[in-house]
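Notes follow the structure.
Order of the sequence lines sets the chain letters (A, B, ...), proteins ahead of strands, with each chain counted from 1.
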Amino acid sequence: MSFIEKLSTYQLDTLKEIGNIGAGNAATALSKLLNRKIDMQTPAVRIASFDETMELVGGAEKVIVSVFLRIEGEAPGSMFYLFSPEQAEQFVHHITGNDEFSFANPPYPDMGLSILHEIGNILSGSYLTALSDFTKINMQPSVPSLSMDMAGAIISEGLMELSRESDHAIIIDTMIQEPESDKEDIEGHFFLLPDPESFERIFKALGVNDQ
Amino acid sequence: MNATNQIIKVGIADLKIANAPDSLRTTGLGSCVGVVVYDLSIKLAGMAHVMLPDSTMSRNGELNEMKFADTAIDLLIKQLLDKGARRYALKSKIAGGAQMFTFSTSSDMMRVGNRNVEAVTERLKHHRVSITAQDVGGNNGRTIEFFPESGILKIRTVNMGESEI
């Protein structure tokens, strides 16, 4: 893929910095929401085929919970906040104080879904606000949509626009998690997938567009 | 079924051909459509995992024919005929084309599932290949496996159980 080969180290670092700033702000928001310490891992900029993209979250058939939104405006793209169904239960248990919510089998409880939706809303909003402030690019996110299904079915939705141009995705992947892992670990991935035309605009906005 | 049967994996925007007793499988279909074309009399089948409805949507000079409904089906039928399938015996089964997320915005890309199903149906009709069974639409992901031996398509979902068509 020619475009990716042309990316300079400096530009790749810039994309990592975007993950840093966005997910850092989201981690702070989650930390306040749950009143727990949340850390962020160093963001990774991944260049992956569509099949490899699914492997990043455990394969196309793995069941995941996803909050997905489309970014419109000057730098369009797709954004996901992805976590496991077990994680979803922990979120709901923590916020409601009620341990009976289960996402093991449908039908899923409405109240639980509503809470997850709101968490997704807050986190993706925090990510994008930070990103928009940093780049001074106007971003208009759609209302986030929640789905619990196979990773392949979910993530391919975010690949549609870029698939018109390429067979690879550039993914800014940042994991946030609780320090000192145990079973109750809070852990989730942010995927930011800018549409192909957005990279140039992001680089230009940050003054790193010179090859 | 015996242990030597291979499951041939079809990736995203990918296409494979298989003979019985092997089977063809693709996982995590959302708005993508899994298209199976088969000649039961010689137990030969091909499967494509189509992402987008129309190759004219491509903005890239190097076209991946397996990604678009029109070019993928053309290629699928050509490969089957090359391997000895008879055009008049070809039949098809399709699954997928869901809408995974509901958005208030009316972005075209968000209704791509429906458009994929329409485009696949249209292209198969163009080749005079009848669709003997289909499981399309809805808002759930699907994993499908096709058995050229029996012509059965198995469909697995997370929220709606398993079925055979």
Do other residues, nucleotides or ligands put more than 12 heavy atoms under 6.0 Å from the CG atom of A/D110? no
What's the spacing between A/L159 CG and B/L52 CG if we round to 0.5 Å? 10.0 Å
Relative to chain B, which segment of A/M54 carries a heavy atom at a distance below 4.5 Å: side chain, backbone, both, or neither? side chain
Show the nearest heavy-atom pair for residues B/G30 and A/E157, with the distance to one decimal. C-OE2, 4.3 Å
Applying side-chain contact (heavy atoms from CB on, under 4.5 Å), run through A/I154 and B/F101 and close with a yes or a no. CA-CA 8 Å; A/I154 285 176; B/F101 297 94; 3.7 Å; yes
Which value, rounded to the nearest 0.5 Å, describes the distance between B/D14 atom CG and A/D167 atom CG? 10.5 Å
Just how far is it from atom CE of B/M57 to atom OG of A/S163, taken to the nearest 0.5 Å? 7.5 Å
Heavy atoms of other groups near B/K9 NZ, more than 12 under 6.0 Å: yes
Of all heavy-atom pairs linking B/N140 and A/D149, the shortest is CA-OD2, 3.3 Å
Using heavy-atom distances under 4.5 Å, tell me whether B/S55 contacts chain A through its side chain, its backbone, both, or neither. neither
Measure B/L29 against the heavy atoms of chain A and call it side chain, backbone, both or neither at under 4.5 Å. backbone
Contact part of A/T53 toward chain B, heavy-atom cut-off under 4.5 Å: side chain, backbone, both or neither? neither
Interface residues of residues 64-77 of chain B facing chain A - heavy atom cut-off under 4.5 Å: B/N64, B/K67
When rounded to the nearest 0.5 angstrom, what is the spacing between CE in B/M100 and CZ in A/F68? 11.0 Å
Quick one, A/M150 with B/R156, criterion side-chain contact (heavy atoms from CB on, under 4.5 Å). Give me CA distance, side-chain angles, the key distance, then yes/no. CA-CA 10 Å; A/M150 297 173 187; B/R156 199 181 81 78; 4.1 Å; yes
Hey, is NZ on B/K43 packed in by over 12 heavy atoms from elsewhere, all under 6.0 Å? yes
If you look at every heavy atom in B/T27 and A/A60, which pair is closest and at what distance? OG1-CB, 3.3 Å
With only heavy atoms counted, which part of B/N139 is less than 4.5 Å from chain A, the side chain, the backbone, both or neither? backbone
Under 4.5 Å to a heavy atom of chain B? For A/I155 that would be neither
